[in-house]
Amino acid sequence: MRDVAIVSVAQTDHRRAVPELNEVEMIQPVIQTVLEQIDAKISDIGFTCSGSSDYLAGQAFSFVMTLDAVGAWPPIVESHVEMDGAWALYEAWLKIQSGHADTALVYGYSKASPGDLPRVLSRQLDPYYYGPLWPDSVAMAGLQARAMLDKGMITEAEMAEIAHRSRTSAESNPHAQVKGSPSVDQLLAEDYLSNPLRKHDCAPVTDGGCAVVIAAGDRAREWADNPAWIRGIDHRVDSHNFGARDITRAPSAALAAEKAGVSDGQVDVAELCAPFTHQERILRNELGLGDDVEVNPSGGALAANPIMGAGLIRLGEVANRIMAGDAGRGVAHATSGHLLQQNLVAVLEGSS
Amino acid sequence: MGDATSEQEILRAPLTIGYDFQRTTGPVIGAFFTALREHRMLGIRDKAGRVVCPPVEYDPGTGEPLTEMVEVGTEGTVTTWSWVSNLRDGQPLDVPHAMALVQLDGADTAMLHAVDAGSPDNIGSGSRVRVRWRDESVGGIRDIVCFEPIEGGDHG
């Protein structure tokens, strides 16, 4: 295996809606920043890979337009996933592992504001049994929360505590969209949005994105004093047939964590992509993170949730803490689909 | 994030998109949908002996093709639910309702559908519900209008 590290991270200042910019205009400054931070040009990049959604952009092959934000002349080697940018990073990591590139630019972004996001996300479901019912993503998540509440795996107060802790942490995150929180008692006094979920249990709707540069070996050491080495990365998927499995668990997250080597060392920080409060509890269980592990100091997806970017941001947040020397070893998680169906886990480490 | 153009200068236009795929249903899902037309519910037996409803073509555990269709009941038990009050186009009911996973009698897995419970006070995990059939078949899962609580049943 080649040593590959995250060496630069940039993201938008996330907002509920960015009507004055199209996707290219929104992500271009982020790509410019992620390269400028390491004095790199696009000609220094061996592979470019993005994550975005045509369903959110409202047109086929929308990512081709967004390549204008990179500058695709002279020709570049590029690819795209209709998934979170974390999976684009996985593809780029493979490209470097296979020796076809030494450096890669990865980005993920979306504007969810032009449509009704919970309705658009229903198009991720199977087209025979689930999709024709148009179940919105909040009601779907509510099924999972209810199953956990029924089993005694969590309480509504504990869910509110997760929301309160996350958004309080987000006060120190300059990019966060939702910062600060009413008290847990105030949160619990609110009406349900989709019983058993209240508004605070749900990630906000966000326009935004994130970009990351990864590089192999000496190139990584040239670009960063303390690169965040990717020591393990793996992604797994569970059945889309939610009625036929235990939705209070995410076996794919546990398997990805095992393959990525989460338990092989101490975890100083974890960034978990949990768009609903109760999902943080599932992920802590599946990744085997103890109560002593600091989770989502950035505020997590509850503080800003650009679809197709929120998972890559988790990798970026852990990498930034390692590159800054605030953490020695960290875990980043990304998810895709409803009810934590698909999960990616990465272990990042400083040089030490 | 660039110079913000003032709100009134932003050009806006409606964009209506559709993904009008036609799909074939195959021997398993097709059989399930055909049975719905006759107001019957079918599951399929998997390699572990469980009855999966709605039926799936391949074994959830081993991936082997499945063929043994099994008739199950048209009444069942709510295993989990959430309440939908922000109604959206295309959903089964145009009044606030529950989305629920319902395990039909004789099945070992649950199916997703709406429950016309009227109020969240009228539903709980463990509630008994029955199918409300559509009069005219539309050839799919929407031949089930929704589930409805069985009067006098346990509200969980």
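In this text, all values refer to a predicted model and were calculated from it rather than measured experimentally. Throughout, protein chains are lettered first and strands after them, A, B, ... in sequence-line order, and every chain is numbered starting at 1.
In this structure, A:K151 places its NZ atom where more than 12 heavy-atom neighbours from other residues, nucleotides or ligands lie under 6.0 Å away.
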Verdict with reasoning, A:Y129 to B:F32, per ring pair (Phe, Tyr, Trp, His ring centres under 6.0 Å)
CA-CA 10 Å; A:Y129 296 149; B:F32 176 74; 5.4 Å; yes
In sequence, state the C-alpha distance, the side-chain angles, and the governing distance for B:R142 and A:L133, and then conclude on side-chain contact (heavy atoms from CB on, under 4.5 Å).
CA-CA 8 Å; B:R142 300 296 288 266; A:L133 305 174; 3.7 Å; yes
Passes side-chain contact (heavy atoms from CB on, under 4.5 Å), B:T79 versus A:L143? Steps please.
CA-CA 9 Å; B:T79 60; A:L143 299 174; over 6 Å; no
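Contact annotation for B:A98: neither backbone nor side-chain heavy atoms come within less than 4.5 Å of a heavy atom of chain A. Both the backbone and the side chain of A:D136 come within contact range of chain B, judged by heavy atoms closer than 4.5 Å. For chain A, the nearby parts of B:P55 are the backbone and the side chain; heavy atoms of each come within less than 4.5 Å. For B:P54, the parts lying near chain A are the backbone and the side chain together; criterion is any non-hydrogen pair under 4.5 Å. The part of A:I247 that comes within reach of chain B is its side chain, from C-beta onward, which places non-hydrogen atoms under 4.5 angstrom from that chain.
Using a distance-only test at 3.5 Å, with no hydrogens or angles considered, a donor-acceptor pair links the side chain of A:R146 to the main chain of B:W81. Looking only at distances, a side-chain donor or acceptor of A:R119 sits under 3.5 Å from a matching main-chain atom of B:D89. Looking only at distances, a side-chain donor or acceptor of A:S194 sits under 3.5 Å from a matching main-chain atom of B:W83.
Between B:L112 and A:P135 there is a side-chain heavy-atom pair separated by less than 4.5 Å.
With chain A as partner, the option from B:L101, B:V56, B:I29 having the largest number of non-hydrogen pairs under 4.5 angstrom is B:I29. Annotation: maximal heavy-atom pairing with chain B below 4.5 Å, among A:P118, A:A145, A:G115, A:S239, occurs at A:P118.
The minimum heavy-atom distance linking B:R23 with A:Y128 is given by the pair CB-OH, 3.9 Å. Taking every heavy atom of both residues into account, A:A139 and B:M99 meet most closely at CB-CG, 4.3 Å.
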